[in-house]
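Okay, so here's the structure we're looking at.
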Protein chains: 2
Amino acid sequence: MPTQPDAVDPRVARTRDAVVAAVRDLVRTAGIEAVTHQRVAEAAGVGRASVYRHWPDRTHLLLDALADLPADPSERPPSGDPVADVVAELTRLQRILNDSPFVPQLAALLSQAEADGEVLALQQRLLTQGTARLRAAVELGVRHGCFPAGVDPGTVVALVAGPLFYRRLLAKEPITDELVTTVVERLVVPGNGPVPAVGERAVPGG
Amino acid sequence: MPTQPDAVDPRVARTRDAVVAAVRDLVRTAGIEAVTHQRVAEAAGVGRASVYRHWPDRTHLLLDALADLPADPSERPPSGDPVADVVAELTRLQRILNDSPFVPQLAALLSQAEADGEVLALQQRLLTQGTARLRAAVELGVRHGCFPAGVDPGTVVALVAGPLFYRRLLAKEPITDELVTTVVERLVVPGNGPVPAVGERAVPGG
DNA sequence: TAGGTTGCGAGACGATTTGTCTCAGAGATG
DNA sequence: CATCTCTGAGACAAATCGTCTCGCAACCTA
């Protein structure tokens with residue numbers, strides 16, 4: 001009978017944190033292959049039985065470690081200007097994707113989702129919640145006429161977010177300001193809203 | 001001393017083909033995790049020792065199985081019209097990505113590439129050769145003024161190919177003609193070239 | 001067709017890994 | 001302080017890994 005619903009034995013929290021951190025580390029440095037109860041236990045400085053106790057199989061080990069999107073300290077409420085909000089969201093995505101530890105986790109997640117239903121569900125949930133604000137800004141922009149009408153918002157999201165993921169996941173290059181700028185420039189209906197500079201207007205023209 | 005440099009013992013070819021097919025099957029149906037010398041041997045109907053003989057480790061097993069991009073029967077030489085060529089390439093990419101067996105392989109490749117240098121090299125090579133014609137069309141289009149000037153061709157490639165990969169790899173939805181059309185519409189400099197309808201340009205009669 | 005070569009499947013083998021279990025002790029709770 | 005509960009250590013069987021050997025059949029060459 002727990003005195004408080006949220007009360008967690010500090011020992012449990014300790015092992016949990018150590019293990020999750022170790023799994024993330026392993027995914028980043030040695031690939032998803034390396035995630036094994038044994039190796040995780042060693043890396044976390046934790047008994048092997050303790051790992052089995054809390055995570056009966058690899059999937060749950062990965063689920064817990066990949067479940068959190070990296071927190072973004074610079075989150076701001078939507079400004080109401082669709083273009084500015086899309087730029088803000090893309091810049092946020094740029095920062096997250098350029099942050100190196102995240103990419104191997106993402107790749108592992110995608111790969112694992114292809115074969116594991118539970119991981120697939122997690123991946124879809126993360127994608128939905130990660131692109132929620134981008135989608136909101138896009139829908140607003142379509143209504144305001146800043147973005148082309150008659151196009152499925154989901155298509156627009158793919159249109160603007162896709163290039164960033166491509167750069168980082170496929171081409172394995174950092175996402176430049178130029179890419180973000182170009183993506184938005186290409187999207188905005190001409191004459192229907194200036195494209196604000198990303199940071200300091202990265203590329204002045206040529 | 002082989003009489004001919006290309007002469008391959010039929011027995012070797014037989015096991016090789018069976019094993020490569022089995023690995024592809026395993027990646028598709030059970031995930032990259034399932035790719036084990038043992039399971040591959042069983043699935044291929046081949047002795048375990050034979051698998052070890054030709055593929056000393058998992059990496060080489062995966063390399064050989066993932067090395068080939070799916071052949072595209074409808075490859076046509078570039079028409080010289082940049083817009084038409086970009087559409088043709090994107091349609092080709094659309095077909096390849098919508099072909100389900102390929103996506104799990106791709107996801108596995110990306111994930112593995114994060115931790116394995118050899119796989120990374122292969123992935124980069126495949127990407128380069130897979131987007132070569134798209135890049136050529138893009139560069140031509142930039143020179144002709146159909147596409148915005150002053151933009152890095154690599155950026156443009158990310159711009160048009162990214163959304164397709166996003167749709168399939170992240171959103172896990174099939175790539176619609178609408179997406180392809182919108183991607184190209186958004187790219188072409190207004191008034192500098194009509195966007196051909198995707199449906200009409202795709203496989204004739206198909 | 002005959003003879004030497006070579007890859008094959010089968011399986012033995014020790015080492016390692018996996019998943020489960022027990023147990024004593026440290027740490028948390030009240 | 002007394003009572004739980006989680007932990008680390010390690011035992012244990014089962015499964016897997018990587019290597020090896022062997023006899024056989026398929027292959028190539030003459």
Side-chain angles (χ1 to χ4, degrees), chain A residues 1-27 29-65 108 112 115-116 118-119, chain B residues 1-27 29-65 108 112 115-116 118-119:
Chain A
M1 273 168 232
T3 49
Q4 295 192 4
D6 291 345
V8 178
D9 191 320
R11 291 170 295 180
V12 176
R14 209 152 35 226
T15 355
R16 212 202 95 90
D17 291 349
V19 165
V20 167
V23 173
R24 291 215 182 102
D25 242 46
L26 279 173
V27 168
T29 61
I32 194 175
E33 307 290 322
V35 176
T36 292
H37 286 82
Q38 175 132 310
R39 266 197 262 191
V40 168
E42 288 168 13
V46 150
R48 199 162 59 93
S50 295
V51 184
Y52 277 107
R53 197 172 349 252
H54 296 294
W55 297 271
D57 52 44
R58 260 178 51 104
T59 291
H60 289 87
L61 219 37
L62 291 170
L63 280 180
D64 271 11
Q112 201 68 14
D116 187 321
E118 284 188 88
V119 178
Chain B
M1 275 180 212
T3 49
Q4 297 195 2
D6 291 344
V8 177
D9 192 319
R11 292 171 295 181
V12 176
R14 212 153 32 225
T15 20
R16 212 203 95 90
D17 292 348
V19 165
V20 167
V23 172
R24 290 215 183 101
D25 243 46
L26 280 173
V27 168
T29 61
I32 195 176
E33 307 290 324
V35 177
T36 291
H37 285 83
Q38 175 133 310
R39 266 196 262 191
V40 167
E42 287 167 15
V46 150
R48 200 163 58 95
S50 296
V51 183
Y52 277 108
R53 205 181 331 264
H54 295 294
W55 298 271
D57 52 44
R58 262 178 51 105
T59 292
H60 288 88
L61 217 38
L62 290 170
L63 280 180
D64 271 10
Q112 202 67 14
D116 188 322
E118 284 189 88
V119 178

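A note on names: the letters A, B, ... follow the listed sequences, proteins ahead of strands, and every chain is numbered from 1.
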What's touching nucleotides 11-15 of chain C from the protein side, N or O pairs under 3.5 Å?
none

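The two residues A/A115 and B/G31 make their nearest non-hydrogen contact at CB-CA, 3.4 Å. Taking all atoms of both residues into account, the shortest heavy-atom contact from B/T59 to B/V119 is CG2-CG2, 4.0 Å. Contact detail for A/I32 and A/Q112: the closest heavy-atom pair is CD1-OE1, 3.5 Å. Nearest approach of B/A108 to B/V27, heavy atoms of both residues: CB-CG1, 4.3 Å. When all heavy atoms of A/A44 and A/A18 are compared, the closest pair comes out as CB-O, 3.6 Å.
At a non-hydrogen distance threshold of 4.0 Å, nothing from residues 53-64 of chain B comes into contact with DNA chain D.
Counting heavy atoms from C-beta on, the side chains of A/L61 and A/V19 come closer than 4.5 Å. Contact check for B/E42 versus B/R48: no side-chain heavy atoms found under the 4.5 Å cut-off.
As rounded to whole Å, 13 Å separates atom C1' of D/dT16 from atom NE2 of B/H37. A/R39 places its CZ atom 12 Å from the C1' atom of C/dT16, with the value rounded to the nearest Å. One interatomic measurement links the two molecules: CG of B/D9 to P of C/dG7, which rounds to 7 Å at whole-angstrom precision. Distance CD (A/E42) to P (C/dT18): 10 Å, rounded to an integer number of Å.
Remark: B/T36 is not in phosphate contact with D/dT16, judged by side-chain N or O atoms under 4.0 Å from OP1 or OP2. Not one side-chain nitrogen or oxygen of A/S50 sits closer than 4.0 Å to the OP1 or OP2 atom of D/dC6.
A/V51 pairs with exactly one of A/V46, A/T36, A/T15, A/V23 by the side chain to side chain contact (heavy atoms under 4.5 Å, CB included) rule, that one being A/V46.
B/R14 comes within contact range of the sugar-phosphate backbone alone, with a heavy-atom separation under 4.0 Å but no base atom that close. Residue B/Q38 is classed as a sugar-phosphate contact, given heavy-atom separations below 4.0 Å to backbone atoms only.
Not a single donor-acceptor pair, N or O on each side, falls under 3.5 Å between the base of C/dA28 and the side chain of A/R11.
Taking for each of A/R16 and B/P10 the nucleotide of DNA chain D with the nearest heavy atom, the 5'-most of the two is the partner of A/R16.
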message: Quick one, A/H60 with A/E118, criterion side-chain contact (heavy atoms from CB on, under 4.5 Å). Give me CA distance, side-chain angles, the key distance, then yes/no.
response: CA-CA 9 Å; A/H60 289 87; A/E118 284 188 88; 3.9 Å; yes
